[in-house]
Structures are given as structure tokens and as C-alpha cells.
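Single-structure report; data block below.
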Amino acid sequence: MRSDYCGQISSHDIGRQVSVCGWVGRRREHGEHLAFIDLRDHTGIIQCVVQGTHGLHSEYVVKITGTVSPRPEGTSNKDLATGEVEITNCEVEVLSKADSPPFSISDRIEVEENVRLRYRYLDLRRNKMQHHLRMRAKVNSLLRHSFESQGFTEVETPLLWTPTPEGAREFVVPSRMKPGSFYVLPQSPQIAKQLLMVGGLDRYYQIARCLRDEDLRADRQFEFTQLDIEASFVTQQDILDFVTQAVIDVVSEITGISIESIPILTWEQSMELYGTDKPDLRFDMQIVDLTAIFKDTQIKAFQANSIKGIKVPSSCPLSRSKLDNLVAKAKEMGAKGLAWFKAVDSEDGVVLESPLAKHLGELESKALIEAFGIEPLETILIVADEISLTRNILGNLRNELGEPDPEKPSLCFAWVVDFPLFEGFDEDGNLISGHHPFTMPNLEDFHLIDSDPLSVRSQSYDLVLNGWELGSGSIRIHRDDIQSKIFSVLGISSEQAQERFGFLLSAFSFGAPPHGGFALGLDRTIALLAGEDNIREVIAFPKTSSGFDPMTQAPKPISPQQLKLLSLVPIKDEALD
RNA sequence: GGACCUGUGGUGCAGCUCGGAGUGCACGCCGGCCUGUCAAGCCGGAGGUCGCGGGUUCAAAUCCCGUCAGGUCCGCCA
């Protein structure tokens, strides 16, 4: 039907008879003898010179056959890849008429996302969306290639899985054949891939859809895609190496940026220096511990377990009203207050200005200036509280105030390792898994599991990029004794464990290789590579933040017949309370 | 479950503080003119339940209450 793509015609084609197909973009009419039509396909735009308008309108689908000709002198268009040429002597065939679209197909036009989603098929015609989806496909392809060359085998796992009541809320699928019973859609292929290791697959990977019925966010959809891997007879370092290699392959091919290695931070370092387990390393602004400096302070607000601060550079000047805003924000996050000290020049060198300045001892002032190497116009922000709060609040302020440092790479990856095995205790006094119940403890710490469980580290790790968590993984428990102990401290009885994960434990009893794995969130990865801060921009058909699809109107009620077939009876709202 | 922001012809906005006739801008659409445009240009035109419901008022896009939808965040996401 066509001989060429619109965007690929160039001066090399001059004189050729070509047929191109696509959508009518802008038209420029000059009376009945001359009109220009921009014909668009996914490769770009070519200008077609026609006599009269042929009744063409925006988004008509046409086939144009004509001769590639050089444009007359002075009429070339540098903004167009095909701007040196045009198609003349055109024969136009309308393949499909089109209603006037609700918005123009142009990257220049801003349209409310709701409207874009209702007409997603039109939105997808836009250059930006085409680019994102094609880049996404390229990333998938590169990842497949990278893992296959590292000895991994792609295996598909079931979407109709069995309920494992732990962690995220599951999407439930009623069984027609067994009334009253349900499948669930997998939160991730976690257990399936461990079974593949028991099954001797050795190294598995899959570009897997995962489903979690939790509230949506800019970086979270109900369904999302993970590059999921698992490998046998490996250490944590092996897994980091596999993934690092894949990241290097993908980033270099997609962005041209060459990464040599990915720095490794311990969880403790990350929390101490950046106040978060997903640090944005595109800028420094590290958190400094000031507890020692203020251990004998007269300042009442600083009499706390943990005192920490960050230095805000002079490039981010903080007016009094901005400071007031920051104080309010810190309080919203649970701080009792936020102290600030502004460095100013004086006859005696740098001095600190602050409502607290007069209470600040001379030694404290000196130590503070020294600790931060502070210079005029810089501001120190200080929080004094329990350590988890000082870290968390300063970490948030750091993210709010920090700007990517032009000296640093635009993509700053980091591994965060040695996460705590447990997050804390639930209301029944049982420990809560940091990652999941199959995560291998750090065996150096395992003896502390009863005396000081919260200080037990795990063999788990996150990959972080520019302050986003891209993925996480762990070495899994393959030993009975350790798994039993973990279930026990999590408050899962052996009966409960049997009921929930019996098939997995049974599998492990038949010879489980040591194994571990990782899952990389592809939506987030691709959004970051595309320079988007919302994953909906790299998903063909996403849902709104209330889980609605404006195009299909899903979710919708189903018919009484369907309900009956599934043995389901809707209950009225008031019956729920 | 909670907080904040947004909702005005097909699209994007202004108007809202301080109530006075659906007032305005840009794009698109329809018609006319136009033989080298390319975000074409010029002339004319059509197009509105100001998200929805209630209240205050002589009078509501504007003030108040409620509600729906969208966005961002908190909770949640082993």
C-alpha cells in the first residue's frame, strides 16, 4: 500500500514516485490552485503539494501518491526532518474520514489529562507518546537481550494465582467452576519464581505484570510492569552484578550515558546522610549529625536524642516567609520545630543570625560553622528529636530544597543494601517483615534475632535512581530452620504457614538451591529515562488516580446473569457497616 | 480514610478577592478570499446548563454549604 514512511523521505529520494499513508495534519490553502498538506505517520511529517483541498480535513486517513521534489529555493523548512523536499503531482485517496478531533494532535498543545485519557487513541498519535512507547519497547528488548546473554531464561507465570494474605491488597477473581472460591491476581511473581528455582531453571527472568489493589499515585498504578529475575547458587553481589550490567546496557543504549558502576550505600548510611532509603544523589546537601555539638546546650529545643542539620546553599536563598513555610512543613511532618541559622558576613567574620542566636554558646556557634564549612548567605536547618524523625524530616526538606547539581550525572543510580530484616512490631507484638517473610537474614546478625531483632540486617537491596525506588530484591531463605524461626517471630504459626505457603514449603523440602532475585519497576525506570515525573506518560492505557478508565468507563457493573454464574451477590452499602 | 489545588463554548486560559445581562483572549471548527505556505494570512460566522445540587441576595460563574470528577500528597503499597 505504501512505498515509504513520511518522516524518512529525504533529498536522496528526489525524482522517485512514492506512496505514503497517514493522517492529515495541518493544511495551508491558497485558493483553488495550491494547498499544502502535512501528512503524518509515526516517523514524522512530509509536506504534500496538492491542487485544491480535495475536501480534506484534520485526521483524515489518506494515501498520497506523487513525486518527491526539491522545494523551490527559499521555501525549505529547517524545523522538519523532511523540510528539503515535498511530494508534488499528488494523487490523493481518502482511506478514512474523521470527525474533528477534540484536541489537535500536536506536542505543542496542552490538554487536560482527563481528556487525553478519554481519547487515549488520539493522544497516542502525538509524537511524545509515540516516542515514549517506542522507547519502552526498546528498553524491554535491551533487558531481554542483557539477561539472556547473562544466562537467564524467560518463563511466564500464572496471572490466576492463589491468595497469599500478606502485604498488598489483592485483586480477586471469582471462580465459576468452584463457587465461593477465588483466584487472586499476583502482587508479583515472587513465589512462582522461587518455585522455578526449586524446579532447576537456574536463572529466570520475565517482564511481568503485577497487580496491587492499593491507592494510586503519580508513580503507582494498579497494574504495573516489573523486570523480574531470580537466580540459583548466587550471592547478593552476583544479583547486584547482573542488574548493574543490565542497567549499564540499557542506559548506554537509550541515553548514550555510560555508567561504569553503581555506588553501594548501606541502609544505615543512606538514612544517616540523606534521611531516606531512596536518596536523590544528583546533589549533596548531606545531613550532618550535630548531637555531640549540642550535648550540653542551653537551648531547650535542642535537648533531644538526635540533633541533625542540613546546609542550604546560597543558590537557594531562604526569605523569612520561605523559612516560615519550611517550619510549618516540618511541623506537619511531626517535628516540634525547625531551627534555622543564616550565615552573614560581619567584622568578626561569619556570624549566625537566628531567633535562637542569642542562646547559642560561642563554642556551639563555632562548632556549627565548622561542621558545615558555612559561608555567607548559606542557611543551616536543624531538627532535634528522636532519630527516626530528625532523619525523616531533614530528608524531606533536603528533597524539597535540593536542585540537581550540574556537575553531577543526570542519572544517579545507587544500590542501598543491608536493610533491616524487620520494620518494627505490630499491635500483637509480632515483628513485621521489612521486605517479605522469605528474605534471608544477614547471618552475622542472626544470633540477635531474639535479643535485638530490629538490629538484624537482611540480605536485601534496593536500586535507586534520582530519589525513586526502581526495584528491590533479596537473597531468599532456603533453609528450613531459618524459615521456621522467621515465621515464629513474625507470629505465623506452622499451621498458618502451611495453609498460606504450604506448596512453597513443601517444594523447599525436596531440595531447594540457595537463591535470590530482584524486580525492577519498568514504568518508573522508563518514566525517568523519558524525563517524565508521572508513569501514566509511559503507559499506553493507564487509569486515573481513582482507578477509573475514562475511555472504557471501567470498572462497570456486570449483569445479574454474570453475577449468578460466578455465585456472587452484590450487597447494599448499608449492609457493609 | 484525610489534606490541598483545579473544574468557564471542541481545546487552553482570563474573569471569581470587591455579586450587576455569558464579558474577553488564543487555538480549533464552519463559510468566503488568497499560486509557496509550514503554528500560513485576511474577512465573516457558529458554538455556553460557568461540573452538579442547595442556600444567601432584588441579582450568583463570582459569596456560603453539600456533592461529583480530575490532579498532587499523607495513610496504604509484605
Side-chain angles (χ1 to χ4, degrees), chain A residues 25-40 45-53 57-59 69 71-80 82-83 86 88 98-119 122-123 164-170 187-188 190-191 210-222 224 328-329 332-334 392 396 399-400 419 421-424 426 430-439 458 460 469 472 474 486 490 492 500-501 519 521 533-534 536 543-548 550 553:
Chain A
R26 294 189 166 276
R27 291 151 292 139
R28 294 171 292 280
E29 296 171 23
H30 293 258
E32 54 185 309
H33 298 296
L34 178 67
F36 301 98
I37 291 169
D38 288 342
L39 189 68
R40 184 193 71 242
I45 287 171
I46 181 77
Q47 173 166 283
C48 303
V49 186
V50 295
Q51 282 208 328
T53 60
H57 296 276
S58 285
E59 301 309 311
S69 309
R71 292 200 184 186
E73 185 140 7
T75 63
S76 66
N77 182 351
K78 288 188 209 65
D79 298 332
L80 218 53
T82 60
E86 60 193 8
T88 56
D99 291 341
S100 167
F103 53 87
S104 337
I105 311 305
S106 159
D107 284 346
R108 252 191 286 270
I109 308 265
E110 294 255 335
V111 186
E112 198 179 276
E113 198 178 2
N114 207 15
V115 178
R116 293 174 56 202
L117 291 183
R118 184 154 74 237
Y119 303 97
L122 295 180
D123 192 40
T164 51
E166 281 280 327
R169 198 175 297 121
E170 295 164 321
Q187 304 166 30
S188 80
Q190 180 60 39
I191 294 176
C210 306
L211 300 108
R212 296 179 187 172
D213 189 3
E214 298 289 352
D215 285 1
L216 277 43
R217 287 282 194 284
D219 62 352
R220 274 166 28 194
Q221 285 272 303
F222 284 150
F224 59 98
K329 278 211 175 101
E332 264 173 49
M333 291 185 271
N392 181 251
N396 276 310
N399 278 338
E400 172 136 356
F419 275 73
L421 187 60
F422 303 109
E423 268 173 4
D426 66 17
N430 295 312
L431 287 157
I432 302 167
S433 281
H435 190 55
H436 58 59
F438 315 112
T439 304
S458 65
S460 67
E469 179 194 324
S472 62
S474 63
I486 297 294
L490 292 175
I492 302 173
R500 290 185 201 172
F501 320 111
D533 51 18
N534 192 311
R536 293 190 297 270
K543 306 216 171 8
T544 69
S545 67
S546 60
F548 181 69
Q553 305 283 301

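- An OP1 or OP2 oxygen of B/G70 is reached within less than 4.0 angstrom by a side-chain nitrogen or oxygen of A/Ser546.
- Contact annotation for A/Arg500: no contact, since no heavy-atom pair falls under 4.0 Å across all strands.
- With A/Arg71 contributing its side chain and A/Gly83 its backbone, the two residues share a donor-acceptor pair below 3.5 Å.
- No side-chain heavy atom of A/His436 sits less than 4.5 Å from a side-chain heavy atom of A/Ser460.
- Residue-to-nucleotide proximity on RNA chain B shows that, of A/Thr164 and A/Leu117, the 5′-proximal contact is made by A/Leu117.
- Of the listed nucleotides (B/U35, B/C77, B/C38), B/C77 has the atom at the smallest distance from the side chain of A/Arg212.
- Rounding to the nearest 0.5 angstrom, the gap separating the CG atom in A/Asp99 from the NE2 atom in A/His57 is 11.0 Å.
- In this structure, A/His30 places its NE2 atom 12 Å from C1' of B/C42, rounding to the nearest Å.
- Counting only heavy atoms from C-beta on, A/Asp215 has its side chain closest to B/C76 among B/U72, B/G71, B/C76.
- Closest contact between the side chain of A/Gln47 and the listed nucleotides B/G75, B/C27, B/G36 involves B/G36.
- One finds no salt bridge joining A/Glu214 and A/Arg220 here, because no Lys/Arg side-chain nitrogen approaches an Asp/Glu carboxylate oxygen to under 4.0 Å.
- Panel note: side chain A/Thr88, backbone A/Val49; no donor-acceptor pair is recorded below 3.5 Å.
- For the P atoms, the distance from B/A26 to B/C42 is 10 Å, rounded to whole Å.
- Looking at A/Thr82, its side chain does come within 3.5 Å of a backbone N or O of A/Ile45 through a donor-acceptor pair.
- Atom CG in A/Leu216 sits roughly 15 Å away from atom C1' in B/A69 (whole-Å rounding).
- The phosphate of B/G71 (OP1 or OP2) has a side-chain N or O of A/Ser545 nearer than 4.0 angstrom.
- Nucleotides B/G70 and B/U8, compared at atom P, are 15 Å apart to the nearest Å.
- Between the C1' atom of B/G71 and the CZ atom of A/Arg116 lies a distance of 13 Å, rounded to the nearest Å.
- A/Glu29 places its CD atom 9 Å from the P atom of B/C30, with the value rounded to the nearest Å.
- For the pair A/Arg118 and B/G10, the criterion of a side-chain N or O lying under 4.0 Å from OP1 or OP2 is not met.
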Atom pairs under 3.5 Å, N or O on each side, protein against nucleotides 3-8 of chain B: can you list them with distances?
none

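- Between the side chain of A/Ser188 and the main chain of A/Gln190, a donor-acceptor pair closer than 3.5 Å is present.
- Remark: B/G10 base-pairs with B/C27; criterion is Watson-Crick or G-U wobble with both hydrogen-bond distances under 3.5 Å.
- Looking at A/Glu170, its side chain does come within 3.5 Å of a backbone N or O of A/Thr164 through a donor-acceptor pair.
- Listed nucleotides B/C77, B/C38, B/C73 differ in distance to A/Asn77; the shortest reach to its side chain belongs to B/C38.
- Going from the C1' atom of B/C68 to that of B/U23 covers 28 Å, rounded to whole Å.
- A heavy-atom distance below 4.5 Å is found between the side chains of A/Leu421 and A/Ile486.
- A sub-4.0 Å separation between OP1 or OP2 of B/C30 and a side-chain N or O of A/His57 is present.
- Using a 4.0 Å heavy-atom cutoff across all strands shown, A/Asp79 reaches no nucleic acid atom at all.
- Between the C1' atom of B/G10 and the CG atom of A/Asn114 lies a distance of 15 Å, rounded to the nearest Å.
- With rounding to whole Å, A/Glu59 atom CD is found 10 Å from B/C29 atom P.
- Within the 4.0 Å cut-off from OP1 or OP2 of B/A40, at least one side-chain nitrogen or oxygen of A/Arg26 is found.
- Rounded to a whole angstrom, the distance from the P atom of B/A59 to that of B/G22 is 14 Å.
- Applying the 4.0 Å criterion to OP1 and OP2 of B/C29, one finds that A/Ser58 has a side-chain N or O inside that range.
- Heavy atoms of A/Gly434 sit under 4.0 angstrom from primed sugar atoms or phosphate atoms, though from no base atom.
- For the pair A/Gln51 and A/Asp38, nearest-nucleotide mapping onto RNA chain B gives the more 5' position to A/Gln51.
- Salt bridge absent: A/Arg118 and A/Glu112 never bring a charged side-chain N and a carboxylate O closer than 4.0 Å.
- Remark: the separation of the P atoms in B/G20 and B/U67 is 28 Å, to the nearest Å.
- Near RNA chain B, meaning a heavy atom under 4.0 Å away, the residues from residues 98-108 of chain A are A/Ser100, A/Pro102, A/Arg108.
- The side chain of A/Arg217 has B/C76 as its nearest neighbour among B/C76, B/U37, B/G71.
- A/Thr544 and A/Ser546 share a donor-acceptor pair across their side chains, judged by distance under 3.5 Å alone.
- The nucleotide B/G66 finds its pairing partner in B/C52, both defining distances of the Watson-Crick or G-U wobble pair being shorter than 3.5 Å.
- Going from atom CG of A/Asp123 over to atom C1' of B/U11 covers 13 Å, rounded to whole Å.
- Between B/G12, B/G75, B/A40, one nucleotide has an atom nearer to the side chain of A/Val115 than all others, and that is B/G12.
- Looking at heavy-atom distances under 4.0 Å, A/Thr88 makes no contact with the nucleic acid at all.
- Here B/C76 is the nucleotide among B/G70, B/C76, B/U72 with the atom lying nearest to any side-chain atom of A/Glu214.
- A donor-acceptor pair shorter than 3.5 Å can be found between the side chains of A/Gln47 and A/Arg28.
- A/Glu110 places its CD atom 17 Å from the P atom of B/G28, with the value rounded to the nearest Å.
- In the set B/C38, B/C76, B/U72, the nucleotide with an atom closest to the side chain of A/Arg28 is B/C38.
- B/G47 and B/C4 have their C1' atoms separated by 35 Å, with the value rounded to a whole Å.
- Using a 4.0 Å heavy-atom cutoff across all strands shown, A/Glu86 reaches at least one base atom of the nucleic acid.
- Residue A/Glu113 is classed as a sugar-phosphate contact, given heavy-atom separations below 4.0 Å to backbone atoms only.
- No donor-acceptor pair under 3.5 Å is formed between the side chain of A/Asn430 and the backbone N or O of A/Asp426.
- B/G10 sits 12 Å from B/G48 when the C1' atoms are compared, rounded to a whole Å.
- Taking atom C1' in both B/U62 and B/C18, one finds a spacing of 10 Å when rounded to whole Å.
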